[in-house]
Amino acid sequence: MKTSFTAGIFPFMILLMLGCKPTTTDRINKEASITGIKQLPENPLEMTPLAVTLQPEEKTMATLYGNSIAAKRLKDGMDYGAGSVLYLVTWKGKADPDWFGARIPDRVTAIERVSIGGNGQKNYIFFKGPAKNADLEISKDDRQAKILDIPVATSP
Amino acid sequence: MKLKFKIVLCILVLILLAQLIRPKEVKSSKAPEARVLTGVPLEVAKVLETSCFDCHSAYTKWRWFDKLTPVNFLVASHIRDGRKALDFSQWDSLATPQRNAMLYFALNGILSKEMPLSSYTAVHPEAKLNPKDVDLLKSYLLNNAVSKPANAEKTAKDVEKPALKEIKNSPNGIAYLPDYRNWKAISSTERFDNGTIRIIFGNPTAVEAIRTGNINPWPDGTVFAKTAWKQQKAKDGSIYAGQFVQVEFMIKNAKQYAHTKGWGWARWKGDNLLPYGKTVSFDTECISCHRPERDNDYVFTTPLAINGLTKK
(Lines give C-alpha, C1' and ligand atoms only; values in the text may rest on other atoms or scores of the structure.)
Protein backbone atom coordinates (compact mmCIF):
# COMPACT_ATOMS: atom_id res chain seq x y z
CA MET A 1 0.00 0.00 0.00
CA LYS A 2 2.59 2.50 1.13
CA THR A 3 5.19 1.48 -1.44
CA SER A 4 2.75 1.70 -4.29
CA PHE A 5 1.82 5.16 -3.07
CA THR A 6 5.45 6.24 -3.00
CA ALA A 7 6.09 4.62 -6.36
CA GLY A 8 3.09 6.43 -7.77
CA ILE A 9 3.97 9.83 -6.41
CA PHE A 10 7.41 9.98 -8.00
CA PRO A 11 6.37 9.99 -11.65
CA PHE A 12 3.73 12.49 -10.65
CA MET A 13 6.29 14.80 -9.10
CA ILE A 14 8.52 14.51 -12.13
CA LEU A 15 5.62 15.40 -14.35
CA LEU A 16 4.91 18.42 -12.19
CA MET A 17 8.53 19.54 -12.38
CA LEU A 18 8.58 19.21 -16.14
CA GLY A 19 5.29 21.06 -16.44
CA CYS A 20 6.64 23.90 -14.35
CA LYS A 21 9.62 24.56 -16.58
CA PRO A 22 9.17 28.13 -17.73
CA THR A 23 8.49 28.56 -21.41
CA THR A 24 11.35 30.54 -22.76
CA THR A 25 10.61 31.52 -26.31
CA ASP A 26 10.23 35.02 -24.86
CA ARG A 27 13.97 35.04 -24.17
CA ILE A 28 14.19 37.22 -27.30
CA ASN A 29 14.70 40.86 -26.35
CA LYS A 30 11.64 42.01 -28.29
CA GLU A 31 11.43 45.55 -26.89
CA ALA A 32 14.95 46.25 -28.12
CA SER A 33 14.41 44.83 -31.58
CA ILE A 34 13.75 47.29 -34.35
CA THR A 35 10.04 46.95 -34.80
CA GLY A 36 7.79 49.62 -36.18
CA ILE A 37 10.32 51.50 -38.26
CA LYS A 38 9.19 50.54 -41.71
CA GLN A 39 11.11 52.92 -43.92
CA LEU A 40 14.58 51.53 -43.16
CA PRO A 41 16.33 50.74 -46.47
CA GLU A 42 18.45 48.04 -44.81
CA ASN A 43 18.28 46.05 -41.60
CA PRO A 44 21.23 47.37 -39.59
CA LEU A 45 21.16 44.40 -37.22
CA GLU A 46 22.20 42.18 -40.12
CA MET A 47 25.30 44.28 -40.77
CA THR A 48 28.73 43.93 -39.19
CA PRO A 49 29.03 45.43 -35.72
CA LEU A 50 31.92 47.90 -35.68
CA ALA A 51 31.74 49.75 -32.38
CA VAL A 52 29.82 50.17 -29.15
CA THR A 53 29.35 53.41 -27.25
CA LEU A 54 27.56 54.63 -24.13
CA GLN A 55 26.06 58.01 -23.33
CA PRO A 56 26.08 58.12 -19.52
CA GLU A 57 24.03 61.35 -19.34
CA GLU A 58 21.19 60.04 -21.46
CA LYS A 59 21.61 56.49 -20.11
CA THR A 60 21.67 55.15 -23.62
CA MET A 61 23.85 52.61 -25.38
CA ALA A 62 24.52 52.39 -29.08
CA THR A 63 26.04 50.02 -31.59
CA LEU A 64 27.62 51.13 -34.84
CA TYR A 65 27.01 48.79 -37.76
CA GLY A 66 28.52 48.85 -41.22
CA ASN A 67 28.18 47.13 -44.57
CA SER A 68 31.09 45.11 -45.93
CA ILE A 69 32.82 48.17 -47.38
CA ALA A 70 32.62 50.04 -44.10
CA ALA A 71 33.74 46.94 -42.19
CA LYS A 72 37.12 47.10 -43.94
CA ARG A 73 38.00 49.78 -41.42
CA LEU A 74 38.19 47.07 -38.76
CA LYS A 75 41.14 45.54 -40.57
CA ASP A 76 43.01 48.46 -42.10
CA GLY A 77 41.98 51.35 -39.82
CA MET A 78 41.49 53.57 -42.89
CA ASP A 79 38.64 56.05 -43.40
CA TYR A 80 35.32 54.69 -44.66
CA GLY A 81 35.48 54.28 -48.43
CA ALA A 82 32.96 55.14 -51.14
CA GLY A 83 29.95 52.83 -50.93
CA SER A 84 30.08 52.60 -47.13
CA VAL A 85 26.79 52.43 -45.28
CA LEU A 86 26.81 52.96 -41.53
CA TYR A 87 24.04 52.71 -38.98
CA LEU A 88 24.12 53.89 -35.41
CA VAL A 89 21.33 52.23 -33.43
CA THR A 90 20.74 53.78 -30.01
CA TRP A 91 18.87 52.09 -27.18
CA LYS A 92 17.82 53.18 -23.76
CA GLY A 93 19.82 50.98 -21.39
CA LYS A 94 18.17 48.99 -18.65
CA ALA A 95 19.41 46.91 -15.74
CA ASP A 96 20.09 43.32 -16.74
CA PRO A 97 17.50 41.35 -14.75
CA ASP A 98 19.88 38.37 -14.60
CA TRP A 99 23.10 40.11 -13.57
CA PHE A 100 23.47 42.91 -11.07
CA GLY A 101 26.39 44.78 -12.59
CA ALA A 102 25.24 44.85 -16.22
CA ARG A 103 23.01 47.02 -18.40
CA ILE A 104 21.43 45.75 -21.62
CA PRO A 105 19.47 47.34 -24.48
CA ASP A 106 15.88 48.36 -23.81
CA ARG A 107 13.79 50.29 -26.36
CA VAL A 108 15.28 51.94 -29.43
CA THR A 109 15.57 55.72 -29.19
CA ALA A 110 17.02 56.43 -32.62
CA ILE A 111 18.46 54.92 -35.76
CA GLU A 112 20.80 57.04 -37.83
CA ARG A 113 22.15 56.17 -41.25
CA VAL A 114 25.23 57.64 -42.87
CA SER A 115 26.17 56.65 -46.40
CA ILE A 116 29.09 57.62 -48.54
CA GLY A 117 28.39 57.86 -52.28
CA GLY A 118 30.68 57.05 -55.19
CA ASN A 119 31.87 60.64 -55.34
CA GLY A 120 32.56 60.77 -51.60
CA GLN A 121 29.27 62.62 -51.04
CA LYS A 122 27.95 61.96 -47.52
CA ASN A 123 24.31 61.56 -46.68
CA TYR A 124 22.65 61.49 -43.26
CA ILE A 125 19.16 60.21 -42.38
CA PHE A 126 17.51 60.12 -38.97
CA PHE A 127 14.84 57.58 -38.00
CA LYS A 128 12.97 58.19 -34.79
CA GLY A 129 12.72 55.21 -32.46
CA PRO A 130 9.80 54.49 -30.13
CA ALA A 131 11.70 55.68 -27.06
CA LYS A 132 12.82 58.97 -28.65
CA ASN A 133 12.73 62.03 -26.49
CA ALA A 134 10.46 64.25 -28.62
CA ASP A 135 12.08 67.63 -28.02
CA LEU A 136 15.63 66.46 -28.52
CA GLU A 137 17.32 68.68 -31.03
CA ILE A 138 19.69 67.21 -33.54
CA SER A 139 22.00 68.85 -35.97
CA LYS A 140 22.55 66.65 -39.00
CA ASP A 141 26.09 67.78 -39.70
CA ASP A 142 27.17 67.31 -36.12
CA ARG A 143 25.67 63.88 -35.91
CA GLN A 144 27.16 62.80 -39.22
CA ALA A 145 30.61 63.91 -38.16
CA LYS A 146 30.24 62.25 -34.79
CA ILE A 147 29.17 58.94 -36.29
CA LEU A 148 32.05 58.89 -38.75
CA ASP A 149 34.35 59.64 -35.84
CA ILE A 150 33.35 56.85 -33.48
CA PRO A 151 36.47 54.80 -32.76
CA VAL A 152 35.87 51.26 -33.99
CA ALA A 153 36.25 48.48 -31.44
CA THR A 154 39.45 46.75 -32.46
CA SER A 155 40.38 43.22 -31.54
CA PRO A 156 43.52 41.21 -32.27
CA MET B 1 5.51 -5.56 20.73
CA LYS B 2 8.75 -7.24 21.57
CA LEU B 3 9.76 -7.49 17.93
CA LYS B 4 9.04 -3.83 17.36
CA PHE B 5 11.23 -2.96 20.31
CA LYS B 6 14.06 -5.03 18.91
CA ILE B 7 13.82 -3.35 15.56
CA VAL B 8 13.89 0.09 17.10
CA LEU B 9 16.88 -0.90 19.21
CA CYS B 10 18.70 -2.23 16.16
CA ILE B 11 18.11 0.97 14.29
CA LEU B 12 19.34 3.03 17.21
CA VAL B 13 22.51 0.96 17.46
CA LEU B 14 23.08 1.31 13.75
CA ILE B 15 22.69 5.08 13.96
CA LEU B 16 25.13 5.21 16.84
CA LEU B 17 27.62 3.04 15.00
CA ALA B 18 27.24 5.20 11.93
CA GLN B 19 28.50 8.14 13.97
CA LEU B 20 31.92 6.53 13.85
CA ILE B 21 32.01 7.05 10.11
CA ARG B 22 32.52 10.71 9.49
CA PRO B 23 33.91 12.85 6.69
CA LYS B 24 37.37 14.14 7.46
CA GLU B 25 36.04 17.68 7.55
CA VAL B 26 34.24 17.00 10.85
CA LYS B 27 37.26 15.48 12.52
CA SER B 28 39.18 18.66 11.93
CA SER B 29 36.25 20.82 12.80
CA LYS B 30 38.13 23.30 14.98
CA ALA B 31 37.32 26.20 12.71
CA PRO B 32 39.46 29.29 13.19
CA GLU B 33 37.56 32.38 14.27
CA ALA B 34 36.12 33.94 11.13
CA ARG B 35 38.11 36.94 10.15
CA VAL B 36 36.18 39.96 9.00
CA LEU B 37 36.55 40.60 5.30
CA THR B 38 39.00 43.46 5.36
CA GLY B 39 38.27 46.66 3.47
CA VAL B 40 34.48 46.39 3.54
CA PRO B 41 32.18 47.86 6.19
CA LEU B 42 31.53 45.61 9.16
CA GLU B 43 27.81 45.23 8.49
CA VAL B 44 28.44 44.11 4.90
CA ALA B 45 31.00 41.58 6.07
CA LYS B 46 28.63 40.37 8.80
CA VAL B 47 25.89 39.56 6.28
CA LEU B 48 28.21 37.36 4.24
CA GLU B 49 29.78 35.80 7.31
CA THR B 50 26.48 34.72 8.79
CA SER B 51 24.87 33.54 5.58
CA CYS B 52 27.68 32.21 3.45
CA PHE B 53 30.85 31.41 5.39
CA ASP B 54 29.68 27.96 6.50
CA CYS B 55 29.98 26.69 2.94
CA HIS B 56 32.18 29.27 1.24
CA SER B 57 35.16 29.62 3.54
CA ALA B 58 37.50 27.71 5.79
CA TYR B 59 35.61 29.17 8.74
CA THR B 60 32.82 26.63 9.03
CA LYS B 61 30.80 26.53 12.20
CA TRP B 62 29.45 23.03 12.70
CA ARG B 63 26.25 22.90 14.73
CA TRP B 64 25.75 19.66 16.71
CA PHE B 65 23.14 18.41 14.26
CA ASP B 66 25.48 19.09 11.35
CA LYS B 67 27.90 16.62 12.85
CA LEU B 68 25.51 13.67 12.87
CA THR B 69 26.03 10.99 10.28
CA PRO B 70 24.68 11.05 7.57
CA VAL B 71 23.92 14.82 7.75
CA ASN B 72 27.63 15.53 8.08
CA PHE B 73 28.36 13.95 4.69
CA LEU B 74 25.87 16.27 3.06
CA VAL B 75 27.33 19.26 4.85
CA ALA B 76 30.87 18.27 3.91
CA SER B 77 29.92 17.93 0.27
CA HIS B 78 28.30 21.39 0.39
CA ILE B 79 31.52 22.81 1.73
CA ARG B 80 33.64 21.07 -0.89
CA ASP B 81 31.45 22.20 -3.78
CA GLY B 82 30.74 25.58 -2.25
CA ARG B 83 34.39 26.44 -1.82
CA LYS B 84 35.16 25.30 -5.32
CA ALA B 85 32.64 27.84 -6.64
CA LEU B 86 33.47 30.69 -4.27
CA ASP B 87 35.97 30.80 -1.43
CA PHE B 88 36.08 33.80 0.87
CA SER B 89 39.18 32.40 2.58
CA GLN B 90 41.17 33.70 -0.39
CA TRP B 91 40.03 37.26 0.32
CA ASP B 92 43.29 38.45 1.84
CA SER B 93 45.30 37.39 -1.19
CA LEU B 94 43.05 39.22 -3.67
CA ALA B 95 43.49 42.67 -5.16
CA THR B 96 40.59 45.12 -4.98
CA PRO B 97 39.17 44.45 -8.47
CA GLN B 98 39.07 40.70 -7.75
CA ARG B 99 37.50 41.33 -4.36
CA ASN B 100 34.82 43.45 -5.99
CA ALA B 101 34.25 40.77 -8.62
CA MET B 102 33.83 38.27 -5.81
CA LEU B 103 31.24 40.48 -4.11
CA TYR B 104 29.30 40.95 -7.36
CA PHE B 105 29.45 37.19 -7.89
CA ALA B 106 28.15 36.60 -4.35
CA LEU B 107 25.37 39.17 -4.67
CA ASN B 108 24.24 37.69 -7.97
CA GLY B 109 24.16 34.25 -6.35
CA ILE B 110 21.78 35.73 -3.79
CA LEU B 111 19.65 37.64 -6.31
CA SER B 112 19.19 34.55 -8.47
CA LYS B 113 17.68 32.93 -5.34
CA GLU B 114 20.22 30.10 -5.59
CA MET B 115 21.98 31.10 -2.40
CA PRO B 116 22.12 30.44 0.45
CA LEU B 117 20.91 26.89 -0.25
CA SER B 118 17.33 26.57 0.92
CA SER B 119 18.06 23.16 2.48
CA TYR B 120 20.50 25.06 4.69
CA THR B 121 18.33 28.02 5.66
CA ALA B 122 15.57 25.57 6.59
CA VAL B 123 17.69 24.45 9.54
CA HIS B 124 19.79 27.61 9.93
CA PRO B 125 17.11 30.32 9.75
CA GLU B 126 19.57 32.97 10.96
CA ALA B 127 21.32 32.66 7.58
CA LYS B 128 18.25 33.78 5.63
CA LEU B 129 18.78 37.17 4.06
CA ASN B 130 16.13 39.81 4.39
CA PRO B 131 15.59 42.52 1.76
CA LYS B 132 17.48 44.98 3.94
CA ASP B 133 20.61 42.83 3.81
CA VAL B 134 20.34 42.58 0.03
CA ASP B 135 19.89 46.35 -0.31
CA LEU B 136 22.90 46.87 1.92
CA LEU B 137 25.08 44.77 -0.40
CA LYS B 138 23.67 46.46 -3.51
CA SER B 139 24.23 49.98 -2.29
CA TYR B 140 27.69 49.13 -1.02
CA LEU B 141 28.67 47.90 -4.48
CA LEU B 142 26.99 50.78 -6.32
CA ASN B 143 28.75 53.34 -4.13
CA ASN B 144 32.14 51.71 -3.84
CA ALA B 145 32.69 49.25 -6.61
CA VAL B 146 31.59 50.79 -9.88
CA SER B 147 34.44 50.95 -12.37
CA LYS B 148 35.15 54.34 -13.88
CA PRO B 149 36.13 54.57 -17.55
CA ALA B 150 39.63 55.67 -18.43
CA ASN B 151 40.06 59.02 -20.11
CA ALA B 152 40.98 58.92 -23.75
CA GLU B 153 44.61 59.87 -24.00
CA LYS B 154 45.75 57.65 -26.75
CA THR B 155 43.12 55.78 -28.69
CA ALA B 156 43.45 52.15 -29.54
CA LYS B 157 44.42 53.21 -33.05
CA ASP B 158 47.65 54.85 -31.93
CA VAL B 159 48.95 51.70 -30.37
CA GLU B 160 50.90 49.45 -32.66
CA LYS B 161 49.28 46.04 -32.74
CA PRO B 162 51.74 43.29 -31.89
CA ALA B 163 52.08 40.75 -34.64
CA LEU B 164 50.15 37.70 -33.55
CA LYS B 165 52.08 34.53 -33.32
CA GLU B 166 50.44 31.17 -33.19
CA ILE B 167 47.39 31.22 -30.89
CA LYS B 168 47.45 28.35 -28.41
CA ASN B 169 44.47 26.13 -27.68
CA SER B 170 42.44 26.55 -24.53
CA PRO B 171 43.49 24.05 -21.79
CA ASN B 172 40.37 21.98 -22.56
CA GLY B 173 41.55 21.55 -26.14
CA ILE B 174 39.30 24.11 -27.83
CA ALA B 175 40.96 25.95 -30.70
CA TYR B 176 40.66 29.70 -31.25
CA LEU B 177 37.98 30.86 -33.73
CA PRO B 178 39.38 33.87 -35.57
CA ASP B 179 36.31 34.60 -37.66
CA TYR B 180 33.88 35.99 -35.10
CA ARG B 181 34.16 39.65 -36.12
CA ASN B 182 32.22 38.78 -39.27
CA TRP B 183 29.32 37.40 -37.20
CA LYS B 184 26.22 39.37 -36.16
CA ALA B 185 25.81 41.13 -32.85
CA ILE B 186 23.07 39.38 -30.90
CA SER B 187 23.37 41.94 -28.09
CA SER B 188 25.68 44.28 -26.25
CA THR B 189 26.20 44.96 -22.56
CA GLU B 190 27.60 47.66 -20.36
CA ARG B 191 29.30 46.14 -17.35
CA PHE B 192 29.66 48.69 -14.57
CA ASP B 193 30.93 45.99 -12.21
CA ASN B 194 34.20 45.73 -14.09
CA GLY B 195 34.25 48.81 -16.32
CA THR B 196 33.93 47.04 -19.65
CA ILE B 197 31.68 47.24 -22.66
CA ARG B 198 30.85 44.14 -24.64
CA ILE B 199 29.49 42.79 -27.88
CA ILE B 200 27.99 39.31 -27.96
CA PHE B 201 28.43 37.85 -31.44
CA GLY B 202 26.42 34.91 -32.75
CA ASN B 203 27.51 32.69 -35.65
CA PRO B 204 25.09 31.97 -38.55
CA THR B 205 23.64 28.93 -36.75
CA ALA B 206 22.83 31.13 -33.75
CA VAL B 207 21.21 33.79 -35.94
CA GLU B 208 19.11 31.20 -37.74
CA ALA B 209 18.02 29.76 -34.38
CA ILE B 210 16.90 33.23 -33.29
CA ARG B 211 14.95 33.69 -36.51
CA THR B 212 13.09 30.43 -36.06
CA GLY B 213 12.62 30.92 -32.32
CA ASN B 214 14.54 27.74 -31.63
CA ILE B 215 16.78 28.95 -28.80
CA ASN B 216 16.03 26.72 -25.84
CA PRO B 217 18.01 24.62 -26.13
CA TRP B 218 20.24 26.27 -28.72
CA PRO B 219 20.92 23.87 -31.62
CA ASP B 220 24.26 22.09 -32.04
CA GLY B 221 26.65 24.25 -34.02
CA THR B 222 25.65 27.44 -32.24
CA VAL B 223 28.65 29.53 -31.23
CA PHE B 224 28.72 32.73 -29.19
CA ALA B 225 31.70 35.01 -28.93
CA LYS B 226 31.67 37.68 -26.29
CA THR B 227 34.28 40.40 -26.56
CA ALA B 228 35.08 42.80 -23.73
CA TRP B 229 36.80 46.16 -24.07
CA LYS B 230 37.82 48.60 -21.35
CA GLN B 231 35.49 51.58 -21.22
CA GLN B 232 37.14 54.73 -22.48
CA LYS B 233 35.77 58.22 -22.04
CA ALA B 234 35.83 60.71 -24.91
CA LYS B 235 35.93 64.50 -24.56
CA ASP B 236 32.18 64.81 -25.16
CA GLY B 237 31.47 62.53 -22.21
CA SER B 238 30.46 59.48 -24.19
CA ILE B 239 32.18 56.17 -23.68
CA TYR B 240 33.78 53.97 -26.31
CA ALA B 241 35.41 50.59 -26.50
CA GLY B 242 39.04 51.15 -25.53
CA GLN B 243 41.64 48.52 -24.85
CA PHE B 244 40.71 44.97 -25.83
CA VAL B 245 40.38 42.75 -22.75
CA GLN B 246 39.31 39.30 -23.89
CA VAL B 247 37.11 37.18 -26.09
CA GLU B 248 35.13 34.23 -24.74
CA PHE B 249 33.39 31.46 -26.62
CA MET B 250 30.54 29.06 -25.95
CA ILE B 251 30.35 26.30 -28.53
CA LYS B 252 27.23 24.11 -28.52
CA ASN B 253 27.46 20.37 -29.02
CA ALA B 254 25.17 18.44 -26.71
CA LYS B 255 27.07 15.17 -27.18
CA GLN B 256 30.67 16.23 -27.45
CA TYR B 257 30.39 18.62 -24.51
CA ALA B 258 27.89 16.61 -22.45
CA HIS B 259 30.22 16.76 -19.44
CA THR B 260 30.21 20.58 -19.50
CA LYS B 261 26.49 21.21 -19.89
CA GLY B 262 26.51 20.81 -23.66
CA TRP B 263 28.86 23.72 -24.30
CA GLY B 264 32.56 24.04 -24.98
CA TRP B 265 33.91 27.00 -22.99
CA ALA B 266 37.02 28.99 -23.84
CA ARG B 267 38.54 32.41 -23.25
CA TRP B 268 41.54 34.21 -24.76
CA LYS B 269 42.93 37.27 -23.05
CA GLY B 270 44.72 40.41 -24.14
CA ASP B 271 46.21 41.54 -27.41
CA ASN B 272 48.32 38.43 -27.66
CA LEU B 273 45.31 36.16 -27.05
CA LEU B 274 46.68 34.01 -24.29
CA PRO B 275 44.39 31.07 -23.50
CA TYR B 276 42.78 31.38 -20.09
CA GLY B 277 42.75 28.62 -17.47
CA LYS B 278 45.33 26.60 -15.61
CA THR B 279 43.81 23.14 -15.74
CA VAL B 280 41.70 21.10 -18.14
CA SER B 281 38.65 21.69 -15.98
CA PHE B 282 39.05 25.46 -15.67
CA ASP B 283 35.60 25.68 -17.23
CA THR B 284 33.88 24.67 -13.97
CA GLU B 285 34.35 28.34 -13.13
CA CYS B 286 32.39 29.39 -16.23
CA ILE B 287 29.65 26.87 -15.52
CA SER B 288 29.24 27.77 -11.88
CA CYS B 289 28.60 31.42 -12.76
CA HIS B 290 26.30 30.54 -15.66
CA ARG B 291 24.40 27.96 -13.56
CA PRO B 292 21.50 30.25 -12.59
CA GLU B 293 20.65 30.24 -16.33
CA ARG B 294 20.33 26.44 -16.49
CA ASP B 295 16.69 26.73 -17.56
CA ASN B 296 17.88 28.90 -20.44
CA ASP B 297 20.53 26.48 -21.69
CA TYR B 298 23.16 28.28 -19.58
CA VAL B 299 22.92 31.43 -21.70
CA PHE B 300 22.49 34.85 -20.09
CA THR B 301 21.94 36.94 -23.19
CA THR B 302 18.44 37.72 -24.38
CA PRO B 303 19.17 38.14 -28.10
CA LEU B 304 17.86 40.87 -30.36
CA ALA B 305 15.49 39.61 -33.04
CA ILE B 306 18.14 40.16 -35.67
CA ASN B 307 16.26 39.30 -38.83
CA GLY B 308 12.65 39.11 -39.84
CA LEU B 309 11.22 41.74 -37.57
CA THR B 310 11.92 44.75 -39.75
CA LYS B 311 10.09 43.18 -42.65
CA LYS B 312 6.77 42.93 -40.82
Side-chain angles (χ1 to χ4, degrees), chain A residues 21-38 40 42-65 68 71 74-75 77 89 91 93 96-105 146 149-156, chain B residues 104 107-108 111-112 138 141 152 155-157 161-162 164 181-182 184-185 187-194 197-199 201 207 210 213 215-216 227 229 231-232 234 236-242 244 247 270-273 292-293 295-296 299-307 309-312:
Chain A
K21 256 202 150 172
T23 48
T24 34
T25 33
D26 50 0
R27 288 287 294 170
I28 304 259
N29 191 349
K30 290 202 193 72
E31 304 82 60
S33 302
I34 307 175
T35 43
I37 302 165
K38 297 181 184 68
L40 289 179
E42 300 94 357
N43 178 359
L45 300 188
E46 289 192 275
M47 295 184 167
T48 308
L50 304 179
V52 271
T53 99
L54 308 169
Q55 296 68 42
E57 299 258 299
E58 291 89 5
K59 291 196 168 22
T60 57
M61 53 203 298
T63 302
L64 180 72
Y65 298 90
S68 56
L74 279 179
K75 296 198 184 80
V89 180
W91 290 271
D96 184 341
D98 289 359
W99 186 262
F100 183 83
R103 294 175 63 79
I104 58 171
K146 211 160 236 177
D149 224 27
I150 296 175
V152 296
T154 54
S155 47
Chain B
Y104 273 103
L107 175 56
N108 276 293
L111 291 176
S112 67
K138 277 189 184 169
L141 286 176
T155 58
K157 230 183 6 190
K161 267 201 217 166
L164 266 183
R181 285 305 299 260
N182 298 321
K184 313 269 184 273
S187 194
S188 55
T189 54
E190 168 196 355
R191 289 283 296 265
F192 60 82
D193 52 351
N194 54 26
I197 182 167
R198 298 159 178 233
I199 297 180
F201 297 86
V207 173
I210 293 170
I215 64 169
N216 199 12
T227 43
W229 290 274
Q231 295 183 9
Q232 190 162 48
D236 67 354
S238 35
I239 290 166
Y240 299 106
F244 172 83
V247 56
D271 275 330
N272 36 21
L273 294 174
E293 299 294 332
D295 286 342
N296 304 319
V299 174
F300 276 99
T301 301
T302 49
L304 300 168
I306 293 182
N307 43 24
L309 278 186
T310 40
K311 280 156 208 148
K312 274 173 211 156

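Only heavy atoms go into these numbers, but all of them, side chains included; no hydrogens, no water, no symmetry mates. Order of the sequence lines sets the chain letters (A, B, ...), proteins ahead of strands, with each chain counted from 1.
Using a distance-only test at 3.5 Å, with no hydrogens or angles considered, no donor-acceptor pair links the side chain of B:Asn296 to the main chain of A:Arg27. In this structure a side-chain-to-backbone donor-acceptor pair under 3.5 Å is present from A:Asn43 to B:Ile306. The main-chain N or O of B:Tyr104 is never found under 3.5 Å from a side-chain atom of A:Trp99 such that the two would form a donor-acceptor pair. One N or O on the side chain of B:Asn108 and one on the backbone of A:Phe100 form a donor-acceptor pair closer than 3.5 Å.
For the set B:Ser238, B:Pro303, B:Ala185, the entry with the most heavy-atom pairs within less than 4.5 Å of chain A is B:Pro303. Note: B:Arg181 leads B:Lys184, B:Arg181, B:Lys138 in heavy-atom pairs under 4.5 Å with chain A. With chain A as partner, the option from B:Val207, B:Ile197, B:Thr301 having the largest number of non-hydrogen pairs under 4.5 angstrom is B:Ile197. Counting heavy-atom pairs closer than 4.5 Å to chain B, the top-ranked of the candidates A:Thr60, A:Val52, A:Leu50 is A:Val52. Between chain B and the residues A:Asp96, A:Thr63, A:Ile104, the largest count of heavy-atom pairs under 4.5 Å involves A:Ile104. When the candidates B:Ile239, B:Asp193, B:Asn194, B:Val247 are compared by the number of heavy-atom contacts under 4.5 Å with chain A, B:Ile239 comes out ahead.
Both the backbone and the side chain of A:Ala32 come within contact range of chain B, each with at least one heavy atom under 4.5 Å from a heavy atom of that chain. Of the atoms belonging to B:Ser187, it is side-chain heavy atoms, and not backbone ones, that fall under 4.5 Å from chain A.
Of the options B:Ile210, B:Leu304, B:Thr302, a side-chain contact (heavy atoms from CB on, under 4.5 Å) to A:Ile28 is made by B:Ile210 and by none of the others.
Rounded to the nearest 0.5 Å, atoms CZ (A:Arg103) and OG1 (B:Thr189) are 11.5 Å apart.
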